[in-house]
Asker: 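Handing you a structure now.
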Number of protein chains: 4
Amino acid sequence: MFELDVRSRKPIYEQLVDKLKELIITEILKTDEQLPSVRSLAQELTINPNTIQKAYRELENQGYIYSIKGKGSFVSPATHQPNTEKIVKVKKELTKYLSEALFLGVSTAELIDLIKEIEANVGGGMLNDEDESSEKML
Amino acid sequence: MFELDVRSRKPIYEQLVDKLKELIITEILKTDEQLPSVRSLAQELTINPNTIQKAYRELENQGYIYSIKGKGSFVSPATHQPNTEKIVKVKKELTKYLSEALFLGVSTAELIDLIKEIEANVGGGMLNDEDESSEKML
Amino acid sequence: MFELDVRSRKPIYEQLVDKLKELIITEILKTDEQLPSVRSLAQELTINPNTIQKAYRELENQGYIYSIKGKGSFVSPATHQPNTEKIVKVKKELTKYLSEALFLGVSTAELIDLIKEIEANVGGGMLNDEDESSEKML
Amino acid sequence: MFELDVRSRKPIYEQLVDKLKELIITEILKTDEQLPSVRSLAQELTINPNTIQKAYRELENQGYIYSIKGKGSFVSPATHQPNTEKIVKVKKELTKYLSEALFLGVSTAELIDLIKEIEANVGGGMLNDEDESSEKML
DNA sequence: GTGGTCTAGACCACT
DNA sequence: GTGGTCTAGACCACA
């Protein structure tokens, strides 16, 4: 399920954050769906529960999930009130990596293709095709 | 000139690497142009020379600059022999941030515009041997 | 264990890199085995931890080890996907020293013997999953 | 004639030493032949005369050339009294690089070919085709 | 003058 | 406890 690379320079908790974000963005994890418990996930991945905890906390800070004491962690509904601050940050990163890609010889066409390809995978975004059923929970 | 954020979670030397890479990619720093000396830059930015050194070393490892002991540090010529390994890495990062941007509500059109805008700034790419305006800077 | 010559013209960290490379190549240090911690090795060798760090970092760059923040440093699995660039470099050095050896009167036979001798010590190469004697060391 | 790589990590004077050694070893520069003067070589290569000077001094120390004040520098006759100390050093380097080559996947056969190829280029040396004379050595 | 190495000692981030 | 970053200050090697 999760393929963590312990050899990576990137901290494990960050890898976890990225993976979970991806699952949420691609709507493999749907709004209000429950995430695996800290302990079960820790056991499954054979890593320290504190590491999972840290990843969940980070996701909560970024607004991707919410936690309820005693019950668990759940996927937040997509807010769709454009979060300017975050968008600015992401665009900054994008600019950095797009420049580097172009510098390394990747063509514009290739990059546009990449965007389109990704677009197809991202949960319809704000008009997310037919999830009408995710409105309970707190 | 360089705006470093000493409080950032990103190490100073990495910030420096990114800034300098940017200057090289946009050809504000031209091939074989001399970079500011370790010590002068350290003084200008009021950070430790070792930190600058670390950044320069990293840039050297990544192939962006080369250093000569008694002489200084200089911009490497762009190789333009596509470095597959690096490209794969960059594309991975791009995928991550592009997904996130789309999820945050940035439109595809906007992203394509971003690419085109960046493309205009990145060094002419392959052929710029006869650049007429290589005045020093910094 | 490690014999470092602090007076040598070769930097300490490079001596360390060479020694550790040797231990890895001869498989005295096995894949995924943990290296001594930066601090413990520094204490043992009575040199500065930063120097050890630098050596470890260099080994990481060269692909011989990998480091995980809160855990330690470990031997990378041998990739065995021939790294052309590195091979070219090594062959260049070999040519230099082989010429010199021949010039100094070492016979071809002697050199071939040297190769065979070394070959016997270098980790079996491809297939050594079922090594029976992987006791720790260091 | 000399192709020096100013971008190399290796100091220029060392590159010079290596090149000149090579010319002497391959007997392109014959015994007692005069080397170019420090100043003329400096001019030709457009590098600092001090750098040439340093290279020549090093070659003199290693016994490859000799200098006569007011006259110039000349190739030393090959001594042929096996220089144990040097041979030990060279063998040490060879062991290092041979190990690495084998580790990187270069075959023994390939290495032996390399030796034979080099042997053909090295100035007959001591005539050591089947040198019967190289078996003493401390 | 340049880059490069090393030390001593502090503090942070991750597990 | 692990690796990683940073500083202040010293000394060396190269051109």
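Sequence lines set the chain letters: A, B, ... in the order given, protein chains first and strands last, and positions in each chain run from 1.
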Asker: Pick the closest DNA chain E nucleotide for A:Lys10 and for C:Ile12 by heavy atoms, then say which residue is nearer the 5' end.
Answerer: C:Ile12
Asker: Quick check on DNA chain F: between B:Asn50 and D:Asn50, whose nearest nucleotide comes earlier from the 5' end?
Answerer: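 Per heavy-atom nearest nucleotide, the more 5' residue is B:Asn50.
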Asker: Return the value, rounded to whole Å, for the distance between atom CD1 of B:Ile52 and atom C1' of F:dA8.
Answerer: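 Nearest whole value for this atom pair: 15 Å.
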Asker: Can you find an N or O donor on one side and an acceptor on the other, under 3.5 Å apart, linking the side chain of C:Arg39 with the base of F:dG3?
Answerer: yes
Asker: Does the side chain of C:Ser67 get closer than 4.0 angstrom to OP1 or OP2 of F:dT2 through an N or O atom?
Answerer: no
Asker: Quick check on F:dG3: is either OP1 or OP2 less than 4.0 Å from any side-chain nitrogen or oxygen of C:Gln53?
Answerer: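 No.
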Asker: Does the side chain of B:Ser37 get closer than 4.0 angstrom to OP1 or OP2 of E:dT2 through an N or O atom?
Answerer: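 B:Ser37 to E:dT2 OP1/OP2: side-chain N or O found under 4.0 Å.
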Asker: Any donor-acceptor pair under 3.5 Å between the side chain of B:Asn48 and the base of F:dG9?
Answerer: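 Under the 3.5 Å cut-off, the side chain and the base do not form any donor-acceptor pair.
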Asker: In this structure, how many angstroms lie between the P atom of E:dC11 and the NZ atom of C:Lys69, rounded?
Answerer: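 So the NZ-P distance, C:Lys69 to E:dC11, works out to 17 Å.
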Asker: Below 4.0 angstrom from OP1 or OP2 of F:dG3, is there any side-chain N or O of C:Tyr56?
Answerer: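 Looking at the OP1 and OP2 atoms of F:dG3, neither is under 4.0 Å from any side-chain N or O of C:Tyr56.
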Asker: Are any of the side-chain heavy atoms of C:Lys30 and C:Val75 separated by less than 4.5 Å?
Answerer: no
Asker: Rounding to a whole Å, what distance do you find between D:Leu45:CG and F:dC14:C1'?
Answerer: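 The answer, rounded to whole Å, is 17 Å.
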Asker: Side chains of A:Tyr56 and A:Val38: does their closest heavy-atom pair fall under 4.5 Å?
Answerer: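 Yes, side chains in contact.
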Asker: Which residue lies toward the 5' end of DNA chain E, C:Pro49 or B:Ile68, if each is placed at its nearest nucleotide?
Answerer: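 Nearest nucleotide further toward 5': that of B:Ile68.
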Asker: Check the distance between E:dT5's C1' and C:Leu4's CG and give it to me in whole angstrom.
Answerer: 14 Å
Asker: So how far is it from C:Tyr13 OH to C:Lys54 NZ, rounded to the nearest 0.5 Å?
Answerer: 5.0 Å
Asker: In whole angstrom, give the distance that lies between atom CG of B:Asp5 and atom C1' of F:dT5.
Answerer: 15 Å
Asker: Just the rounded figure in Å: distance from C1' of E:dG4 to CD of C:Glu14.
Answerer: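 Roughly 10 Å, once rounded to whole Å.
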Asker: Kindly express the pairing pattern of DNA chain E in dot-bracket notation, using | wherever a base pairs with another strand and counting only Watson-Crick or G-U pairs under 3.5 Å.
Answerer: ||||||||||||||.
Asker: B:Lys54 side chain N/O closer than 4.0 Å to the phosphate oxygens (OP1, OP2) of F:dT5?
Answerer: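 Yes, because at least one side-chain N or O of B:Lys54 sits under 4.0 Å from OP1 or OP2 of F:dT5.
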Asker: Tell me yes or no: between the side chains of B:Gln62 and B:Lys86, is some donor less than 3.5 Å from an acceptor?
Answerer: no
Asker: At 4.0 Å (heavy atoms only), tell me whether A:Arg9 reaches a base, stays on the sugar-phosphate, or touches nothing.
Answerer: sugar-phosphate
Asker: Whether C:Lys71 contacts F:dG1 is assessed here as follows: a side-chain N or O lying under 4.0 Å from the phosphate OP1 or OP2. Is that the case?
Answerer: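 Answer is no, no contact under 4.0 Å.
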Asker: Got a second to check how far B:Asn50's CG is from B:Arg57's CZ, nearest 0.5 Å?
Answerer: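 Here the interatomic distance stands at 12.0 Å.
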Asker: Would the distance check show the side chain of B:Ser99 and the main-chain N or O of B:Thr95 forming a donor-acceptor pair, the cut-off being under 3.5 Å?
Answerer: yes
Asker: Counting just side-chain N and O atoms, does B:Thr51 come under 4.0 Å of either OP1 or OP2 of F:dT7?
Answerer: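 Answer yes for this pair, as a side-chain N or O of B:Thr51 is under 4.0 Å from OP1 or OP2.
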Asker: Are B:Tyr13 and F:dC6 close enough that a side-chain N or O sits under 4.0 Å from OP1 or OP2?
Answerer: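 No.
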Asker: Any side-chain N or O of C:Arg57 below 4.0 angstrom from OP1/OP2 of F:dT5?
Answerer: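 Result: yes.
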Asker: Between B:Lys71 and B:Gln34, do the side chains contain a donor N or O and an acceptor N or O under 3.5 Å apart?
Answerer: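 B:Gln34 vs B:Lys71: no donor-acceptor pair found between side chains.
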Asker: For the pair made of CD in B:Gln43 and P in E:dG3, what is the distance, rounded to whole Å?
Answerer: 13 Å
Asker: Using whole Å, what does the distance between atom C1' of nucleotide E:dT5 and atom CD of C:Gln15 come to?
Answerer: 12 Å
Asker: Measure from the side-chain N and O atoms of B:Ser40 to the backbone N and O of B:Pro36, and report whether any donor-acceptor pair falls under 3.5 Å.
Answerer: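 Not a single qualifying donor-acceptor pair exists.
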Asker: Hey, does A:Ile47 reach any base, or is it just sugar-phosphate, or nothing, if we go heavy atoms under 4.0 Å?
Answerer: nothing
Asker: Find the distance between CG (B:Asp18) and CD (B:Glu14) and round it off to the nearest 0.5 Å.
Answerer: 7.0 Å
